[in-house]
Every structure is written in structure tokens, then in C-alpha cells.
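Reviewing the structure listed below.
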Amino acid sequence: GYYTKNTPLMFLYILDLTLGQTMANALSGLFGSSVAFGVSKLLLFAIPGGVMMDTAWYLVGAVCILAALLVWGVLWLNFGMTGRIFFLFTFAFHFMDFLNPSMTDCYVGETCGPRYGELASAGIAALLAVLCTVFPTPFVASRKARASAREGVASLSRAWMDLASHFCGNHQPDYRQERLVADLRKAQQMLEQLDSYLVHAYYEFSCLRSVRNVRDFLTRVRRTLGESTDRLLCVWNTCMQEAYGQAHLESITRLWPDVHRVLAESNRLLLHSTDIACGGRVLPSDEVPLRDTVTRVREAVSSLSNHWRELQASQGLRGIAEELLDEHHFVVQVCAIGRIAAELAEDLPGPGGRSLPPAETPPGLMDKVALGGKHLVFATRSFIIFAVAFVAGVFGHSKAVVQYDARTAALAALMLRKAIGCSGARNSDRLQAVAVGSLVGTFTFASVGWCSWWAYVAVGTILGGWVLTSMFNHFDPEQYTNGLSFDTGAAGATAGLLSAYFGAEAMMEQCTDAVFSVTDVFGHSFYMFLNSLAAVFIVTAVDWALAPESAARLATRSYGEAMRVMIELAADLMDPHVLDERRSHSREISQRLQIAEFLGKQSETEVRYWRNPWRSLIYGDAMQSAQRLRMSICGLEYCSMEGGRPGGGKSDRLRRITGLPSFTPMRRGALEKMDHVRRLGG
């Protein structure tokens with residue numbers, strides 16, 4: 001039928017936080033359902049009626065091998081997780097019916113095999129999910145990207161001004177420092193959200209040139225905001241850790257008017273450029289004000305540089321003096337903020353000008369597919385889970401698991417999730433979600449599942465409340481047991497989503513006027529409950545066999561990997577013979593440290609059994625040290641780029657400094673200490 005329980009259940013898997021991600025899930029889910037539908041039709045076309053008792057064994061074996069290769073291909077290629085789940089869920093039922101010799105009559109009065117109503121159900125679920133993100137308030141990713149960019153610029157501008165006023169002043173109120181920390185956290189959060197919104201916006205009317213321009217412009221703004229944040233953190237790390245002496249008070253405080261002018265003009269230019277980027281084009285009325293602001297910013301930067309040189313000369317200092325090292329670094333970074341703000345404004349193309357490089361697009365089916373790495377592990381583990389569950393359904397077990405029952409494999413497909421984290425904690429939550437959701441749904445139907453208006457209202461109210469509560473848990477980023485995902489698409493089912501699914505599935509039964517007890521209704525859904533538990537146990541067993549590592553071990557390994565990347569980057573920066581074009585590694589290192597921090601928090605909630613308690617305080621200190629090290633290395637990397645732009649080679653001045661004989665012991669000592677920290681922490 002067109003309207004079945006599968007329609008609202010598919011709706012739960014398609015719905016997401018933005019219109020773009022929901023449309024991506026909808027397209028992926030429809031594609032997965034269509035592939036399963038088409039393959040099932042082809043199998044029945046090749047072998048009409050499916051497998052019979054007299055079908056040759058080699059023919060059955062060939063069909064099973066082809067089906068296994070198809071399942072492996074869907075898991076291995078870059079299908080969206082929603083598409084994988086919908087394909088495996090649908091294909092499990094159809095292929096099980098195809099292998100069942102007793103399925104001779106198929107559907108009475110209809111053609112054997114899948115019906116077009118299945119595609120209609122998926123289409124209706126996709127349409128409802130899209131409408132839910134549009135009405136009554138549109139949750140559009142491109143609109144959220146604009147808001148995140150504006151909030152990020154505002155937070156960074158205020159943070160730079162607070163940091164400069166604190167560094168250049170004698171006595172500053174404490175609220176400025178507290179506001180600085182809050183603005184830094186908010187800016188980093190806005191940048192993370194901006195990354196995901198820009199990718200999700202690809203699915204929102206990307207055929208329109210205006211929408212593509214907004215994505216391209218905001219991508220360029222994102223690069224500037226990222227560099228500005230890194231430089232701010234670098235100044236915070238190097239200039240705010242020591243007490244200020246008399247030399248500081250006699251030098252940097254006299255530069256405050258010039259510093260304030262540079263930051264004020266730069267912040268004004270960044271806000272103006274961001275507003276233009278949110279519109280997707282430079283209007284003729286914006287060209288002259290934008291050009292004038294760029295001129296004022298460059299004049300302010302030049303004035304600050306000249307006054308700093310004059311101040312050094314008045315104190316008898318030349319070049320970089322050790323007693324004013326922090327002050328020199330601060331002035332360099334403030335001038336760099338003015339420069340990158342001016343470069344952003346100059347890169348925005350005017351009417352008829354050059355176009356910006358295109359924004360990042362979601363990966364295609366064959367992108368980033370390799371015969372190694374974490375993706376191959378995910379595909380292998382998921383394939384084994386589905387194959388074991390399917391084989392268990394084919395043979396059955398006693399009277400608990402009926403022979404030729406595809407529900408175990410289908411439910412195992414619903415539990416697929418591609419995320420970083422400990423599988424043990426995730427599987428424990430899955431078991432609780434399946435059990436609690438099934439029991440709540442069964443109890444609700446037994447209590448108010450009658451054919452009367454008030455019973456309809458009661459079931460609808462309980463169903464809505466249960467789904468709302470479970471989906472809130474599904475979208476909660478603080479649920480560390482769900483795992484961490486950096487994929488552009490949905491990562492798959494969480495405990496909250498499984499709880500909503502199994503609870504709703506048990507409540508949406510045909511109403512009846514009979515009076516049932518919980519035991520009676522539970523007997524009706526007995527096999528469904530057993531199949532759910534069997535799927536959870538199979539997933540847990542395969543994960544335990546192929547991914548037995550605890551969260552603590554994963555955390556220490558991730559910390560070691562992050563340190564290894566920073567050591568390699570530091571070695572390249574301090575090696576005068578490495579002349580490759582420089583690219584920013586800030587986002588890569590930040591993502592690795594984010595993974596390590598997430599796994600550390602997951603380790604705090606992990607059951608340790610006989611093992612030593614997790615040393616959360618020591619790990620937290622190690623993470624804080626690694627973050628400070630990242631700030632310094634990223635600041636050094638920006639300074640090493642010729643012209644200050646990514647893609648340029650290593651600056652000639654840095655190569656001469658690192659090539660000095662006196663620099664060799666410094667390079668060796670720094671790398672040895674970093675490697676020592678890596679060995680201790682990872």
C-alpha cells in the first residue's frame with residue numbers, strides 16, 4: 001500500500017536540522033530505495049518466481065554472490081548513510097522472499113516482487129521531511145551560514161579589540177578578559193557551524209547562480225575568519241602568559257592609538273565584506289566605499305609599522321630585540337589582520353570581474369574511496385553484520401527466529417552508523433534504546449489502542465511526545481556515546497533515533513475494540529522484539545571482534561596522531577631544505593585534536609571494569625598543552641608563507657634563519673621534546 005507504517009518511520013531517518021541536509025537525506029534515501037527496487041525486479045526477471053526447490057544449486061550460489069557484491073559496493077562507495085540504510089532495509093525483505101521456496105503465490109492478485117507503492121512511501125516520507133524543515137519556519141542552511149558568518153565576524157572583532165586593549169593598557173577590568181574567552185569560544189563554534197552549513201547549502205537550489213555565488217563568497221570569508229582566529233589564538237598563547245615589565249609599558253602603550261586604528265578599520269572592513277558576501281555579489285554602490293576602506297586599512301597598517309620602528313630606534317634597538325619579543329609578535333599579528341582584511345575585500349569580484357574559486361562540494365560516489373583506512377573498516381564491518389544477520393534469518397533458530405525472516409537483517413541495517421568513538425558504549429545505548437522503545441510502544445498500544453476518538457488522541461499525543469523526546473536526544477551534540485562524525489551527510493542511527501523508531505513502530509498498529517493486556521500485545525510483537533535483540537547482539541558481537549578497542553585506547557592513539565602531525569609540520573618549517581608550497585594545516589590539526597578531546601570525554605563515561613581509572617585531569621592538561629602547541633605552530637606556518645598567502649613557498653628570510661648553524665640545536669631540542677610528549681601521551 002501507499003500509506004503504511006514505513007512512511008512515518010522513513011520520515012524519522014530523513015529529517016535533519018537544515019533543509020539542505022534533509023534534501024540530501026531525501027535524495028540519498030530515494031536513491032537507495034530505487035536501487036533495491038530495481039535490483040529486486042531484475043532478479044525476478046532473470047529467475048521468474050524466485051528460487052524453487054528444483055533450482056540448481058550453482059544458480060542460487062551465483063545469485064547470492066552477486067547480491068553480496070552489490071551489498072559490498074553500496075557500503076564501500078560514497079552513498080549517503082540514509083541511502084545505504086534504505087537500500088539494505090528494503091533489499092533484505094525482497095531478497096529473502098526471492099530465496100524462500102514457499103513464496104510461490106507472492107502477492108495475491110498482483111505481480112511477484114516489490115510494488116511501486118514502496119517507492120511512493122519513500123517519496124511521501126521525503127516530501128514530509130522537507131516540508132517539516134520549511135514550515136512554519138524555514139531552516140535553510142544558506143541562511144544559517146550567513147548568520148554564522150556575521151556572528152563569527154562580530155565575535156572576532158570584539159575579541160581582537162579586547163585583547164589589544166588588555167595588552168596595551170595598564171589596568172583593565174576583568175570583564176573584558178572574560179568576554180574575550182567567551183568570544184573566542186563563540187567564534188570557534190561559529191566557524192564549525194559555517195563549515196557544515198556551506199556543504200549543506202549545496203543541496204539548496206545550487207542550480208541557481210546566485211546561490212552558488214553566496215557559497216563561493218562565504219567560503220572565502222571562512223578562510224579569512226579561520227586565519228584571523230588562528231592569529232588571535234597565537235597572540236593569546238605567546239603574549240598573555242608573562243607579566244609585563246617596564247620596557248613593555250614604555251613601548252607598547254604608546255602604540256595604542258595606532259593599534260586601535262588598525263583594528264577598528266579592519267573590523268569595519270571585515271563586517272562590510274561579510275555583508276557583501278552574504279548577498280553573493282558586489283553592487284556598484286559598494287565598490288567605492290569598499291575601496292576607500294581598504295585604503296584606510298593599509299594606511300593604518302603602514303602608520304603602525306612606521307611608529308613601531310621609530311619606537312625601537314628611540315630605545316636604541318634594531319630588528320627583533322629579545323626584551324620586546326612579545327611586543328614585536330603582537331605588532332606583526334595586528335598588521336597581519338589588517339592585511340588579510342584588505343585582501344579579502346580585494347578578492348571579492350566586482351561586476352564583470354573574475355570569479356572566486358568554487359566552494360567545496362560533497363564527495364561523489366568514487367571520491368575518497370580507497371582499499372584502506374577507516375572507510376574500508378566501516379564497509380567490512382557493516383557487510384559482516386548484514387551478512388550474519390541475513391544468514392541467521394535464512395536458517396532461523398528453533399521457534400525464536402522464524403526461518404526465512406528478513407527482519408533481523410533489516411533491523412541490523414537500521415543500526416548502521418559511521419562515526420568516531422568506542423563501539424562498546426554505542427552498542428550499550430543501542431540495546432537500551434531498542435528495549436525501552438519497544439516496551440513503551442507495546443505498553444501504549446495495550447493501554448489506549450482502541451478505535452475511538454479519544455484513543456486516537458491519546459496515541460497521537462504519546463507518539464508525538466515520545467518521538468520528540470527521542471529525536472531531541474538524536475540531535476544532541478553532547479551525547480558522547482553517539483560518536484563524532486565529520487561526514488557531510490547523515491552519520492546514521494543514534495540511540496535516540498532507534499528509540500523513536502521502535503517506539504513508533506510498536507504504537508502504529510491497527511486499532512481494535514478488543515481489550516488486550518500487555519502480555520497479549522507483547523505476544524503479537526514477540527518476533528519483532530526478538531529480531532531487534534538479535535540484531536543488536538549481532539552488531540555488538542561483530543564490533544567486539546573487529547573493533548575491540550576501548551575509548552581510552554582510542555583517545556591516546558588519537559592524541560599521538562595529532563602530535564605526530566604537528567611534529568612533522570614543525571620539522572618541515574624548521575628545515576631549510578624543504579621548499580614546497582605552503583598550505584595551511586590548521587584545520588587538519590584542529591580536527592585531530594577535536595577527535596582526541598571527544599574521545600577523552602567519552603573515556604570519562606566508559607565502564608573501566610578491572611582496568612585503572614581514566615586519568616581525566618592528566619589527559620585534560622595534555623590536551624591543553626597540545627592546543628597551545630597548535631597555536632604556536634600554526635602562527636609559525638602563517639609567518640613562513642611567502643607573501644602571507646597559502647600556496648606560496650617558504651619565505652627566504654625564514655630559510656636563512658633556519659639554515660644558521662646556531663639554529664640546529666634549537667631545532668633538534670624542540671623536535672625531541674615534542675616527540676617525548678607524543679610518546680608519553682599516545
Side-chain angles (χ1 to χ4, degrees), residues 1-16 22 25-34 36-37 80-94 114-115 117-133 386 389 405-417 430 433-442 444-445 449 459-460 462-475 490-511 524-525 527-529 531-533 535-536:
Y2 285 75
Y3 305 99
T4 65
K5 288 195 298 183
N6 288 337
T7 301
L9 298 177
M10 289 180 176
F11 166 84
L12 296 178
Y13 272 80
I14 294 174
L15 182 65
D16 216 297
T22 302
N25 294 343
L27 294 174
S28 178
L30 288 173
F31 182 74
S33 299
S34 301
F37 179 87
M81 279 302 301
T82 308
R84 292 187 180 110
I85 291 173
F86 280 26
F87 168 80
L88 295 177
F89 182 85
T90 306
F91 184 69
F93 285 104
H94 294 316
R115 293 174 291 178
E118 299 175 6
L119 298 181
S121 297
I124 293 172
L127 179 61
L128 291 176
V130 171
L131 291 177
C132 187
T133 57
F386 184 78
D405 188 355
R407 282 178 294 188
T408 302
L411 295 175
L414 293 179
M415 299 178 190
L416 292 183
R417 180 167 177 80
R430 283 170 174 166
V434 170
V436 174
S438 300
L439 290 176
V440 169
T442 301
T444 300
F445 180 74
V459 172
I462 297 173
L463 175 62
W466 180 256
V467 170
L468 180 63
T469 304
S470 300
M471 294 301 286
F472 178 81
N473 185 33
H474 169 61
F475 290 119
T494 63
L497 184 56
L498 292 175
S499 176
Y501 178 92
F502 284 95
E505 199 278 337
M507 294 182 202
M508 291 188 298
E509 293 287 348
Q510 181 68 38
C511 69
H524 174 71
S525 58
Y527 289 109
M528 179 66 180
F529 189 73
N531 287 323
S532 304
L533 294 181
V536 173

Query raised in the report: Considering residues at least two apart in sequence or located in another chain, which fulfil the ring-ring contact (aromatic ring centres under 6.0 Å, His included) criterion with F11?
Result: none
Requested in this report: For F91, enumerate each residue passing the ring-ring contact (aromatic ring centres under 6.0 Å, His included) test, keeping only those at least two apart in sequence or located in another chain.
Outcome: F87, F95
Nearest 0.5 Å, what's the [atom1]-[atom2] distance between [X] and [Y]?
{"X": "L439", "Y": "T444", "atom1": "CG", "atom2": "OG1", "value": "10.5 Å"}
{"X": "L497", "Y": "M415", "atom1": "CG", "atom2": "CE", "value": "11.0 Å"}
{"X": "E505", "Y": "N6", "atom1": "CD", "atom2": "CG", "value": "8.5 Å"}

4.5 Å side-chain heavy-atom contact, [X] and [Y]:
{"X": "E118", "Y": "S33", "value": "no"}
{"X": "I14", "Y": "F86", "value": "yes"}
{"X": "H474", "Y": "L12", "value": "no"}
{"X": "R407", "Y": "F93", "value": "yes"}
{"X": "V434", "Y": "S438", "value": "yes"}
{"X": "L9", "Y": "M508", "value": "yes"}
{"X": "N473", "Y": "T494", "value": "no"}
{"X": "V440", "Y": "M507", "value": "yes"}

At their closest point, which heavy atom of [X] faces which heavy atom of [Y], and how far apart are they?
{"X": "T7", "Y": "S121", "value": "OG1-CB, 3.4 Å"}
{"X": "M10", "Y": "A125", "value": "CB-CB, 3.6 Å"}
{"X": "L498", "Y": "A433", "value": "CB-CB, 4.2 Å"}

Under the side-chain contact (heavy atoms from CB on, under 4.5 Å) test, which residues partner [X], sequence neighbours left out?
{"X": "A389", "answer": "T408, A409, A412, I538"}
{"X": "L414", "answer": "Y13, I85, F89, L411, Y501"}
{"X": "T133", "answer": "L15, L19, T22"}

Sequence neighbours left out, cut at 3.5 Å: what donor-acceptor pairs do the side chains of residues 464-472 make with other protein atoms?
{"unit_1": "W466", "atom_1": "NE1", "unit_2": "S499", "atom_2": "O", "d": "3.0"}
{"unit_1": "T469", "atom_1": "OG1", "unit_2": "G465", "atom_2": "O", "d": "2.9"}
{"unit_1": "S470", "atom_1": "OG", "unit_2": "W466", "atom_2": "O", "d": "2.9"}
{"unit_1": "S470", "atom_1": "OG", "unit_2": "S499", "atom_2": "OG", "d": "3.3"}

